[in-house]
Amino acid sequence: MKIILNERHHAEQAIVHGKMDKKTTKTLICLAKYWLEQGKNTEDVYALLNQFMTEYYPDYNALQWETFLNRIIKQFQKYIQLREETNKSTLIEINQVPVMYEELQKIKQLKSKRLEKLAFVLLVYSKINNRINENDTYWINNEWKEIYSDTQMAVSKKDQGLLVHKLIQLGYLKESNRVDSTNVQVLFAVEHGEVAFQLVRFDDFVLEYSRWKGENIKNCTVCGKRMLARSNRMKYCKECKKTVTNPIRKLL
């Protein structure tokens with residue numbers, strides 16, 4: 001999942017340890033929001049961002065980044081003001097997402113691995129969007145490329161549309177009334193019920209649905225990444241297996 005779900009923690013880790021997201025701009029946005037929330041003025045935030053990049057970003061060129069830094073500061077200054085005026089949280093701070101038995105049983109009734117995985121991922125996205133927007137509408141406006149990436153399925157663009165259309169036909173999703181919109185609403189989510197499990201990790205989170213269905217999900221003994229184990233002897237994810245079984249590559 002590409003969304004940073006705990007912006008405060010991410011910003012604090014960046015400040016203390018210089019940790020950054022693979023996409024540097026996401027970390028800069030978190031830092032800008034974090035410092036603006038603390039009441040720092042735009043000039044101070046710019047100076048802090050500039051200092052951070054100078055210290056942690058190789059080959060940083062202040063002139064090349066000036067326009068971007070000023071833009072996000074201005075953008076999120078307005079965002080924070082608006083959120084505060086409407087009594088909404090200014091930073092995203094999501095540590096867990098509950099998944100209900102009723103929701104999982106509904107997904108299982110699809111009896112199609114591809115539809116089930118897609119429905120589960122859409123359910124999680126809808127709950128995250130609810131938390132971010134502080135509502136209970138279960139609408140999804142994320143990019144489909146990102147959503148399908150989290151399903152861990154290789155699906156052609158044509159089939160992506162067909163799978164979504166099938167879920168709409170079956171009453172699991174509702175499409176937007178706007179002709180130019182690809183947003184969908186998840187209809188099988190429930191507000192209350194018995195919690196089957198709490199999602200606390202959002203890397204490869206679709207595997208938690210597979211685990212619930214009884215599939216053998218293990219953690220790589222090297223990096224800790226979750227993986228679908230074809231046998232009990234399986235210890236490593238694909239990437240770590242290459243390194244472990246190839247000593248030369250490991251040294252490189």
Side-chain angles (χ1 to χ4, degrees), residues 1-98 121 124-147 149-150 181-183 191 198-205 223-225:
M1 181 170 283
K2 293 182 179 180
I3 305 169
I4 294 175
L5 296 177
N6 192 322
E7 292 178 327
R8 188 178 305 281
H9 177 75
H10 185 81
E12 289 171 348
Q13 288 295 300
I15 293 166
V16 176
H17 303 291
K19 290 184 178 179
M20 285 191 274
D21 188 83
K22 289 179 180 179
K23 194 169 183 180
T24 308
T25 53
K26 288 187 177 182
T27 297
L28 293 175
I29 287 169
C30 281
L31 287 169
K33 290 173 72 175
Y34 179 81
W35 283 317
L36 286 166
E37 186 211 34
Q38 291 185 338
K40 296 188 184 299
N41 61 43
T42 55
E43 291 80 10
D44 287 343
V45 174
Y46 183 90
L48 287 165
L49 290 173
N50 187 60
Q51 180 184 338
F52 176 82
M53 290 292 279
T54 300
E55 187 171 352
Y56 296 112
Y57 192 84
D59 303 319
Y60 172 61
N61 185 315
L63 286 175
Q64 289 180 349
W65 283 86
E66 183 179 3
T67 301
F68 175 79
L69 296 183
N70 280 318
R71 187 172 74 245
I72 63 170
I73 291 169
K74 184 177 180 180
Q75 176 185 347
F76 287 102
Q77 184 182 42
K78 291 179 180 178
Y79 169 84
I80 286 174
Q81 287 174 350
L82 180 62
R83 298 284 287 191
E84 287 176 342
E85 287 170 4
T86 54
N87 294 317
K88 291 185 177 182
S89 55
T90 52
L91 295 177
I92 300 171
E93 295 183 78
I94 301 172
N95 295 313
Q96 59 185 25
V97 171
V121 169
V124 173
Y125 267 87
S126 73
K127 292 192 169 194
I128 287 171
N129 284 343
N130 279 4
R131 293 281 294 278
I132 293 172
N133 298 314
E134 297 186 24
N135 59 34
D136 57 357
T137 61
Y138 297 99
W139 277 96
I140 298 169
N141 58 2
N142 307 78
E143 293 183 8
W144 284 104
K145 181 180 178 180
E146 181 182 345
I147 291 168
S149 174
D150 281 323
S181 174
T182 58
N183 297 354
E191 276 296 298
Q198 294 275 2
L199 273 181
V200 294
R201 282 180 56 179
F202 297 90
D203 56 320
D204 304 323
F205 67 88
C223 69
K225 183 179 179 180

With side chains defined as the heavy atoms from C-beta onward, is the minimum distance between [X] and [Y] less than 4.5 Å?
X: F202; Y: D150; value: no
X: Y46; Y: L49; value: no
X: H10; Y: Y34; value: no
X: Q75; Y: I29; value: no

Rounded to the nearest 0.5 Å, how far does [atom2] of [Y] lie from [atom1] of [X]?
X: L5; Y: R201; atom1: CG; atom2: CZ; result: 13.5 Å
X: L31; Y: L36; atom1: CG; atom2: CG; result: 10.5 Å
X: L69; Y: M53; atom1: CG; atom2: CE; result: 6.5 Å
X: T42; Y: Q77; atom1: OG1; atom2: CD; result: 6.0 Å

Before accepting this row, confirm whether a basic side-chain N of the pair E37/R8 lies closer than 4.0 Å to the acidic partner's carboxylate O. yes

Looking at K23 and D21, is any side-chain nitrogen of the basic one under 4.0 Å from a carboxylate oxygen of the acidic one? no

I'd like to know if the side chain of [X] and the backbone of [Y] have a donor-acceptor N/O pair within less than 3.5 Å.
X: S149; Y: K145; result: no
X: N133; Y: N135; result: no
X: K33; Y: A11; result: no

For I92, all residues meeting side chain to side chain contact (heavy atoms under 4.5 Å, CB included), sequence neighbours excluded: E7, I94, I132

Output all residues satisfying side chain to side chain contact (heavy atoms under 4.5 Å, CB included) with T86, sequence neighbours left out; order by chain, then residue number. K88

Between N129 and N142, does the side-chain contact (heavy atoms from CB on, under 4.5 Å) criterion hold? Intermediate values first, please. CA-CA 9 Å; N129 284 343; N142 307 78; 3.0 Å; yes

Do other residues, nucleotides or ligands put more than 12 heavy atoms under 6.0 Å from Q38 CD? yes

Atom NZ of K225 with >12 non-hydrogen neighbours under 6.0 angstrom: no

Applying ring pair (Phe, Tyr, Trp, His ring centres under 6.0 Å), name anything that partners F76, two or more places apart in sequence or on another chain. Y79

Mind checking ring pair (Phe, Tyr, Trp, His ring centres under 6.0 Å) for F52 and listing every partner two or more places apart, or none if nothing turns up? Y56

Go through I80 and E84 one step at a time and tell me if the side-chain contact (heavy atoms from CB on, under 4.5 Å) criterion holds. CA-CA 6 Å; I80 286 174; E84 287 176 342; 3.7 Å; yes

T137 vs N130, test: side-chain contact (heavy atoms from CB on, under 4.5 Å). Steps then yes/no. CA-CA 7 Å; T137 61; N130 279 4; 4.0 Å; yes

Can you sort out the partners of K127 under salt bridge (Lys or Arg N to Asp or Glu O under 4.0 Å), two or more places apart, ordered by chain and number? E103

List in chain and number order the residues that pass side-chain hydrogen bond (donor to acceptor under 3.5 Å, both in side chains) with N141, two or more places apart in sequence or in another chain; answer none if no residue qualifies. none

Going by the angle between their ring planes, with limits at 30° and 60°, are W65 and Y60 parallel, tilted or perpendicular? tilted

Assess the residue pair F68 and L28 against the criterion (side-chain contact (heavy atoms from CB on, under 4.5 Å)); give the C-alpha distance rounded to whole Å, side-chain angles, the decisive distance to 0.1 Å, and a yes or no. CA-CA 10 Å; F68 175 79; L28 293 175; 3.9 Å; yes

